[in-house]
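To keep things clear, I will list the structure first and then write my remarks on it.
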Amino acid sequence: MVRAGGDEPDGCGTAPEGDDAARFSAMLEDSAVDLYENAPCGYLSTLMDGQIAKVNTTLLSWLGYRREELVGRRRFTDLLTVGGRLYHETHFAPLLSMQGEIGGIALELKAADGTRMPVLVTSTVKTSDDGQPLLIRTTLFDARDRRAYETELLRARQEAEEARLEADQARRRAEEAHRAVEAERERLQRLATTLQRTLLPPSLTAPAGLEVAAHYHIASADEVGGDFYDLFPLAHGSWGLFLGDVCGKGAAAAAVTSLARYTLRAAAVYDPDPAAVLANLNTVLTHEYEGTDPRFCTVLFGVLTPDRGNAGFELALAAGGHPPAILLRADGSARYLPTPGGQLIGVIPDPHIAVTTVRLDPGDTVLLYTDGLTEAHTAPLGSAEGDGRYGDAALLDFTAALAPTTAPAAVAALQALLDTLGSGVDDDTALLALSVPHPGSEPKQ
């Protein structure tokens with residue numbers, strides 16, 4: 001196993017020498033070939049006229065072709081469906097020619113047996129030293145799971161619409177139909193709850209040396225919210241995490257939530273740099289929801305890297321219009337992690353993405369949350385106290401009183417706070433906390 005960006009194998013303080021160095025170098029060369037050929041995504045290199053010059057084993061296995069059937073004999077557009085070729089000629093190719101790169105484009109490939117395969121395509125033009133275009137490098141991500149989920153989501157949305165029509169008809173009937181209307185409402189609640197559950201990870205597994213806890217507070221059982229979070233392993237021992245909030249509610253918000261989670265995970269595998277991951281998500285959202293029905297979200301995306309020499313982690317965190325995370329130190333202090341100026345994801349083509357880096361030492365806890373908590377009403381609407389909100393200052397004071405704490409304890413305390421606010425919490429709230437336990441303590445899942 002090789003560390004990212006370095007030459008040393010894990011656990012070694014110096015590089016191999018002599019014959020060992022030669023064998024190690026040969027191993028790296030073999031690993032590079034294997035990484036290209038058997039990558040979890042398809043790789044394709046074409047000449048500027050589209051003729052295929054190089055293709056990896058992954059893409060060949062997806063499409064059922066032999067290498068000699070494609071290299072030097074076919075063009076990239078020959079692998080696309082009729083609609084895909086039309087889109088490539090009218091949009092994809094012109095944009096690539098103007099910009100030199102284009103990413104996150106949804107297309108369909110046509111396999112050797114005639115079946116179709118949805119993919120997300122990113123292409124970059126490689127140029128010579130004098131700026132002349134030489135070839136096009138293309139990366140293709142398998143989007144079959146995403147397409148299947150979108151189909152299921154559309155079916156669920158249609159069922160919900162049909163159910164609402166049935167409920168409207170039932171309400172227009174006389175008093176004897178009252179029980180049927182209530183039964184229908186309960187069925188819709190179960191559907192919304194089931195759909196909401198599919199948008200969140202069933203459980204979170206913490207990396208070694210870290211505690212993690214999460215909670216999702218549902219404000220209304222009748223509507224699916226757009227809050228989401230996840231924690232997942234990346235290469236070389238690092239872990240990706242994110243927490244976000246999609247604008248709106250219902251099936252439309254659920255569709256954006258699903259797309260955002262899929263894109264964040266896929267983008268992090270391709271390039272784990274937090275700012276690059278959010279930029280990739282912005283490209284996908286602005287492409288998928290452009291025009292009269294824009295969809296956007298706020299997101300925090302981070303990469304946790306363990307410090308192998310000490311008990312701790314480095315957290316690189318990027319923010320796209322999302323409330324800042326809270327850092328609770330082992331010394332009892334608490335503060336917001338500054339990510340000023342981060343703009344909403346999915347609104348403009350090139351938003352500003354704020355990035356910060358912090359070290360988490362034993363006893364430290366970091367908390368990510370959505371604004372359902374800080375936007376909660378602390379007084380009834382129309383009351384003498386006015387339309388008061390809980391607010392950022394109150395949240396910082398509340399969490400500061402917890403420090404030092406652990407991820408499970410912090411989430412449990414905030415869960416109790418949400419329950420205390422009751423109906424004043426009129427928007428879903430997601431919580432994600434991570435903490436580094438003191439040496440010798442037992443991590444809690």
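Predicted model only: the values in this text are computed from it and were never measured.
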Practice problem: Might you work through the side chain to side chain contact (heavy atoms under 4.5 Å, CB included) test for Arg155 and Arg157, ending with a clear yes or no? | Solution: CA-CA 5 Å; Arg155 185 189 65 79; Arg157 182 177 183 180; over 6 Å; no
Self-check item: From CA spacing to verdict: side chain to side chain contact (heavy atoms under 4.5 Å, CB included), Tyr229, Tyr369
Solution: CA-CA 9 Å; Tyr229 60 83; Tyr369 61 94; over 6 Å; no
Practice problem: Kindly determine whether Leu134 and Thr127 satisfy side chain to side chain contact (heavy atoms under 4.5 Å, CB included), including the steps that lead there. | Solution: CA-CA 5 Å; Leu134 298 176; Thr127 60; 5.6 Å; no
Quiz item: Do Leu285 and Val256 pass the side chain to side chain contact (heavy atoms under 4.5 Å, CB included) test, and can you show the C-alpha distance, the side-chain angles, and the key distance before you say yes or no?
Solution: CA-CA 8 Å; Leu285 290 183; Val256 181; 4.0 Å; yes
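Residues Pro437 and Gly209 come closest through the heavy atom pair CD-O, 3.5 Å. Annotation for Val366 and Ala325: closest pair CG2-CB, 4.1 Å, computed over non-hydrogen atoms. The heavy-atom pair separating Cys41 from Thr139 by the smallest distance is SG-CG2, 3.7 Å. In terms of heavy atoms, Tyr390 sits closest to Leu373 at CB-O, 3.6 Å. In terms of heavy atoms, Ala275 sits closest to Ala318 at N-CB, 3.9 Å. Closest heavy-atom contact between Leu35 and Ala39: O-CB, 3.0 Å.
Applying the side-chain contact (heavy atoms from CB on, under 4.5 Å) test to Thr138 and every residue at least two apart in sequence or in another chain returns Leu44, Val121, Ser123, Ile136, Leu140. For Tyr36, the ring pair (Phe, Tyr, Trp, His ring centres under 6.0 Å) partners at least two apart in sequence or on another chain are Tyr43. Checked against side-chain contact (heavy atoms from CB on, under 4.5 Å), Pro133 has the following partners two or more places apart in sequence or in another chain: Met48, Val125. In terms of the side-chain contact (heavy atoms from CB on, under 4.5 Å) criterion, residue partners of Asp371 (sequence neighbours excluded) are, by chain and number, Asp245, Pro323, Thr374, Glu375, Asp427. Residues forming a side-chain contact (heavy atoms from CB on, under 4.5 Å) with Leu154 (at least two apart in sequence, or on another chain): Gln158. Annotation: ring pair (Phe, Tyr, Trp, His ring centres under 6.0 Å) contacts of Tyr262 (sequence neighbours excluded): none. The side-chain hydrogen bond (donor to acceptor under 3.5 Å, both in side chains) search around Thr115 returns Asp113, not counting sequence neighbours.
Residues Glu69 and Arg74 are not in side-chain contact: their nearest non-hydrogen atoms beyond the backbone lie 4.5 Å or more apart. Considering only heavy atoms from C-beta on, Leu60 comes within 4.5 Å of Val55 through its side chain. In this structure, Tyr216 and Phe228 have side chains that are not in contact, with every pair of non-hydrogen atoms separated by 4.5 Å or more. Annotation: side chain of Leu135 is in contact with side chain of Lys126 (closest heavy-atom distance under 4.5 Å). For the pair Asp142 and Val119, the minimum side-chain heavy-atom distance is 4.5 Å or more. The closest side-chain heavy-atom distance from Phe232 to Thr205 is not below 4.5 Å. Val299 places none of its side-chain heavy atoms less than 4.5 Å from the side chain of Leu243. For the pair Trp239 and Leu231, the minimum side-chain heavy-atom distance is below 4.5 Å.
A donor-acceptor pair under 3.5 Å is formed between the side chain of Tyr336 and the backbone N or O of Asp392. The closest donor-acceptor contact from the side chain of Thr399 to the backbone of Leu395 lies under 3.5 Å. Judged by distance alone, with hydrogens and angles left aside, the side-chain atoms of Thr283 form a donor-acceptor pair with the main-chain N or O of Ala279 at under 3.5 Å.
Sorted by first and then second residue, the salt bridge (Lys or Arg N to Asp or Glu O under 4.0 Å) pairs with a member in residues 40-64 read Asp49-Arg75; sequence neighbours excluded. A salt bridge (Lys or Arg N to Asp or Glu O under 4.0 Å) check over residues 276-288, counting only residues at least two apart or in different chains, returns the pairs Arg146-Glu288. Applying the side chain to side chain donor-acceptor pair (under 3.5 Å) definition to pairs two or more places apart or across chains, those involving residues 56-67 are Glu37-Thr57, Glu37-Arg67, Thr57-Arg67, Arg66-Glu68.
Going from atom CG of Leu70 over to atom CG of Asp78 covers 9.0 Å, rounded to the nearest 0.5 Å. Taken to the nearest 0.5 Å, the CG atom of Leu368 stands 9.5 Å off from the CD1 atom of Ile326. Here the straight-line distance linking atom CG of Leu210 with atom CG of Leu315 works out to 9.5 Å at 0.5 Å rounding. In this structure, Arg335 CZ and Leu328 CG are separated by 10.5 Å, a value rounded to the nearest 0.5 Å. Note: Leu367 CG to Leu434 CG = 9.5 Å, rounded to the nearest 0.5 Å. If you take CZ on Phe301 and CG on Leu264, they are separated by 6.5 Å, rounding to the nearest 0.5 Å.
Side chains of Glu211 and Thr406: a donor-acceptor N/O pair is absent below 3.5 angstrom, by distance only. Between the side chains of Asn280 and Tyr270, no donor-acceptor pair of N or O atoms lies under 3.5 Å. For the residue pair His322 and Thr298, a side-chain donor N or O sits within less than 3.5 Å of a side-chain acceptor on the partner.
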In a table with atom names and distances, give each donor-acceptor pair under 3.5 Å that connects a side chain of residues 344-365 to protein atoms at least two apart or in another chain.
residue: Arg359; atom: NE; partner: Asp361; partner atom: OD1; Å: 2.5
residue: Arg359; atom: NH1; partner: Asp307; partner atom: OD2; Å: 3.0
residue: Arg359; atom: NH2; partner: Asp307; partner atom: OD2; Å: 3.4
residue: Arg359; atom: NH2; partner: Asp361; partner atom: OD1; Å: 3.2
residue: Asp364; atom: OD1; partner: Ala330; partner atom: N; Å: 2.8
residue: Asp364; atom: OD2; partner: Arg329; partner atom: NH1; Å: 2.6
residue: Asp364; atom: OD2; partner: Asp361; partner atom: N; Å: 2.8
residue: Thr365; atom: OG1; partner: Thr405; partner atom: O; Å: 2.9

With a 3.5 Å cut-off and sequence neighbours excluded, list the donor-acceptor pairs that the side chains of residues 87-112 form with protein atoms.
residue: Thr90; atom: OG1; partner: Leu86; partner atom: O; Å: 2.8
residue: Glu108; atom: OE1; partner: Arg116; partner atom: NH1; Å: 3.3
residue: Glu108; atom: OE2; partner: Arg147; partner atom: NH1; Å: 2.9

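Crowding of Arg85 atom CZ: a count of heavy atoms from other residues, nucleotides or ligands under 6.0 Å exceeding 12.
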